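Letters A, B, ... are given to chains in the order of the sequence lines, protein chains preceding strands, and every chain is numbered from 1. What you see is a predicted model; the values in this text were computed from it and never measured. All values below come from the heavy atoms of this structure, side chains included, with hydrogens, waters and symmetry mates left out.
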There are 2 protein chains.
Amino acid sequence: MNVMPDRDSKETSATHGAYLKLRELILTGELPPGDKLKIEQLRKLLETGASPVREALSLLTSDMLVERIDQRGFRAAPVGKANFEEILMLRCTLEETALRASIRNADAEWEDRLVLRHHHMQRAGLRKAPDFEDAHKAFHMALLDNAHLPMLERYCSQLYDLNIRYRYLAAGGPSYKKRDIAAEHQNILDAALNRDADAATAHLIDHYRSTGEYLSSQMDG
Amino acid sequence: MNVMPDRDSKETSATHGAYLKLRELILTGELPPGDKLKIEQLRKLLETGASPVREALSLLTSDMLVERIDQRGFRAAPVGKANFEEILMLRCTLEETALRASIRNADAEWEDRLVLRHHHMQRAGLRKAPDFEDAHKAFHMALLDNAHLPMLERYCSQLYDLNIRYRYLAAGGPSYKKRDIAAEHQNILDAALNRDADAATAHLIDHYRSTGEYLSSQMDG
DNA sequence: ATGTCAAATAATATCGATATTTTTGGAGAG
DNA sequence: CTCTCCAAAAATATCGATATTATTTGACAT
């Protein structure tokens with residue numbers, strides 16, 4: 001009658017599962033940019049039907065990680081220097097807007113959230129934990145989420161993910177230079193807690209520009 | 001060698017057809033905000049199968065016109081004053097960025113395109129043609145497309161569509177005050193042709209803010 | 001009356017199979 | 001030897017049906 005004693009705590013949807021798995025594969029470069037994504041091949045890889053795979057791919061086009069060519073299937077989104085630089089530029093513009101709005105709405109709960117996220121990120125970083133990537137994103141998104149601007153947050157989250165992809169492609173992993181990144185994060189955090197919007201955005205943008213230049217130099221030119 | 005006297009502009013895909021039709025229905029308010037979008041109901045309305053409907057709805061979530069609730073189907077995205085104001089703010093920020101980049105790349109071909117789009121929009125407006133809406137969007141997008149920043153263009157296009165929706169919801173049609181809108185468009189065009197980025201963005205933002213305030217006043221508060 | 005629970009109903013998510021379309025490979029003509 | 005065209009193969013898009021999950025209904029006890 002039924003299949004398994006399934007643990008109800010988790011998300012039980014073939015489509016959503018396929019979405020998360022495919023997203024991971026594309027972000028890490030295991031499905032390389034420009035590659036044709038054949039339904040049958042993915043169906044076997046993810047051990048599910050064709051319908052969930054198709055829907056997951058459709059959802060990934062929203063995130064600009066997959067391109068859909070009508071009547072000709074799907075492919076992993078291509079990469080390039082121009083694309084990378086557009087992402088960098090948009091992140092600077094949009095995250096500055098979001099961060100300033102967040103600081104404008106600053107309150108005690110937000111500060112608590114920031115401190116906590118920062119702490120978790122530090123812990124994960126020191127232990128080289130595999131969830132450092134998640135903690136890093138959580139900290140950055142926490143900086144922005146007090147703006148209460150859901151569409152802007154969505155854009156920033158999308159762009160963040162697209163940027164992760166370039167990090168993996170450039171370095172083969174999340175092991176980009178961790179030297180003074182801790183200090184940069186600390187500067188952003190301190191400025192945000194001081195509610196100094198100018199300093200916070202300056203530090204944030206410097207943070208992006210410096211890692212951006214490092215990645216950009218590694219690309220083709 | 002070739003196929004048929006069939007125009008290549010014709011899109012032969014049930015999914016894409018359903019996408020265009022559903023998009024239209026949501027933008028014009030025929031499928032009202034918050035409404036549950038039942039597959040079976042849409043399947044009959046669009047005279048197609050369930051798979052194309054599902055995929056079209058998935059694609060519309062990218063455009064933020066449809067919300068997907070896992071295991072509980074789809075619904076037309078809700079509306080609200082906060083949402084409208086976020087759209088307005090994002091449009092001002094993003095279109096300013098794009099317009100400045102467009103002007104930075106200004107050349108003769110772009111100027112020609114602008115003049116042409118503006119002319120077509122005027123013609124359609126005077127004749128109250130039903131394609132004024134399309135011509136209006138084409139003019140506004142032409143202002144931005146010389147930036148050669150595809151993601152930014154995509155965001156602007158999405159936000160433009162979301163704004164159309166509020167116009168229809170507020171007025172029951174595209175008949176918002178046409179009084180001095182022609183003059184506003186002329187000002188934007190002239191400034192762009194003069195490659196005066198400051199003036200062009202100022203006029204563009206004024207244009208959005210004034211129609212924005214009109215719509216905002218009509219909403220709930 | 002009212003709140004709870006289980007059966008009935010309705011809708012979604014998924015599967016397997018088929019129809020269409022694109023791509024591939026090779027034979028024949030120039 | 002190259003190009004064109006047609007048949008074979010592969011892949012996509014779509015359909016119809018089923019299994020799963022959410023929602024409603026109504027009986028029953030409090």
Side-chain angles (χ1 to χ4, degrees), chain A residues 1-23 25-26 31-32 34-62 65-78, chain B residues 1-23 25-26 31-32 34-62 65-78:
Chain A
M1 286 295 181
N2 50 28
V3 228
M4 288 215 296
D6 67 83
R7 48 259 143 92
D8 57 326
S9 64
K10 239 338 189 185
E11 187 59 70
T12 52
S13 159
T15 295
H16 196 245
Y19 169 79
L20 292 177
K21 199 81 179 264
L22 282 173
R23 185 163 164 280
L25 290 172
I26 293 172
L31 288 174
D35 251 35
K36 193 147 193 346
L37 303 174
K38 299 182 196 171
I39 306 291
E40 184 64 13
Q41 159 194 323
L42 298 176
R43 197 197 63 69
K44 277 186 285 191
L45 180 65
L46 303 176
E47 295 173 320
T48 183
S51 306
V53 170
R54 281 189 74 77
E55 281 211 30
L57 289 171
S58 282
L59 291 174
L60 285 165
T61 60
S62 333
L65 288 169
V66 165
E67 275 188 2
R68 178 203 195 86
I69 307 150
D70 203 81
Q71 225 82 3
R72 215 160 298 179
F74 301 86
R75 66 179 50 208
Chain B
M1 175 123 43
N2 49 29
V3 227
M4 286 281 262
D6 165 352
R7 318 232 218 131
D8 58 332
S9 64
K10 173 85 175 189
E11 190 59 68
T12 53
S13 159
T15 295
H16 196 245
Y19 169 78
L20 291 177
K21 199 77 179 266
L22 282 173
R23 185 162 164 281
L25 290 172
I26 293 172
L31 288 174
D35 251 34
K36 194 147 192 347
L37 302 175
K38 300 182 195 170
I39 306 291
E40 184 64 13
Q41 161 193 319
L42 297 177
R43 197 197 62 69
K44 277 186 285 190
L45 180 64
L46 303 176
E47 295 173 319
T48 183
S51 306
V53 171
R54 281 188 75 78
E55 281 211 30
L57 288 171
S58 282
L59 291 175
L60 285 164
T61 59
S62 333
L65 289 169
V66 165
E67 275 187 0
R68 177 203 195 86
I69 308 150
D70 203 80
Q71 226 81 3
R72 214 160 299 179
F74 300 86
R75 66 178 50 209

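Residue B:Lys38 contributes atom NZ, which lies 8 Å from atom P of C:dT12 at whole-angstrom precision. Distance A:Ile39 CD1 to D:dT14 C1': 13 Å, rounded to the nearest Å. One interatomic measurement links the two molecules: CG of B:Asp70 to C1' of D:dT20, which rounds to 13 Å at whole-angstrom precision. For the pair B:Lys44 NZ and D:dC15 C1', the interatomic distance rounds to 17 Å; values are reported in whole Å. Rounded to whole angstrom, the span from the CD atom of B:Glu55 across to the C1' atom of D:dT12 amounts to 10 Å. Between the CZ atom of B:Arg43 and the P atom of D:dT14 there is a distance of 15 Å, rounded to whole Å. At whole-Å resolution of the value, CZ in B:Arg75 and C1' in C:dT12 are 14 Å apart. Taking atom CZ on A:Arg72 and atom C1' on D:dT12, their separation rounds to 11 Å, with Å as the unit.
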Q: Might you work through the side-chain contact (heavy atoms from CB on, under 4.5 Å) test for A:Thr15 and B:Asp70, ending with a clear yes or no?
A: CA-CA 9 Å; A:Thr15 295; B:Asp70 203 80; 5.6 Å; no
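Within 6.0 Å of NZ in A:Lys36 there are more than 12 heavy atoms belonging to other residues, nucleotides or ligands.
Applying the side chain to side chain contact (heavy atoms under 4.5 Å, CB included) test between B:Leu25 and each of B:Leu45, B:Leu42, B:Leu37 identifies B:Leu45 as the sole match.
Between B:Pro78 and B:Glu67, the closest heavy-atom pair is CD-OE2, 3.6 Å. Annotation for A:Gly49 and A:Val53: closest pair O-CG2, 3.3 Å, computed over non-hydrogen atoms. Nearest heavy atoms, A:Ile69 versus A:Arg75: CD1-NE, 3.4 Å. When all heavy atoms of A:Leu31 and A:Ala76 are compared, the pair lying nearest together is O-CB, 4.3 Å.
The C1' atoms of five pairs define one axis at each end of the helix from C:dA1-D:dT30 to C:dG30-D:dC1, and these two axes lie 10° apart (to 10°).
Distances shorter than 4.0 Å separate none of the side-chain N or O atoms of A:Lys36 from OP1 or OP2 on C:dT23. Using a 4.0 Å cut-off, some side-chain N or O of B:Arg54 falls inside it from OP1 or OP2 of C:dA13. Look at B:Thr48 and you'll find a side-chain N or O under 4.0 angstrom from OP1 or OP2 of D:dC15. One finds no side-chain N or O of B:Ser51 lying less than 4.0 angstrom from the OP1 or OP2 phosphate oxygen of C:dT14.
Annotation: of the two residues near DNA chain C, A:Glu47 and B:Glu40, the 5′-most nearest-nucleotide partner is B:Glu40.
Contacts of B:Leu37 with the nucleic acid, taken as non-hydrogen atoms under 4.0 Å apart, involve only primed sugar atoms and P, OP1 or OP2.
Here the nucleotide nearest the side chain of B:Ala14, chosen from C:dA13, D:dT14, C:dT14, is D:dT14.
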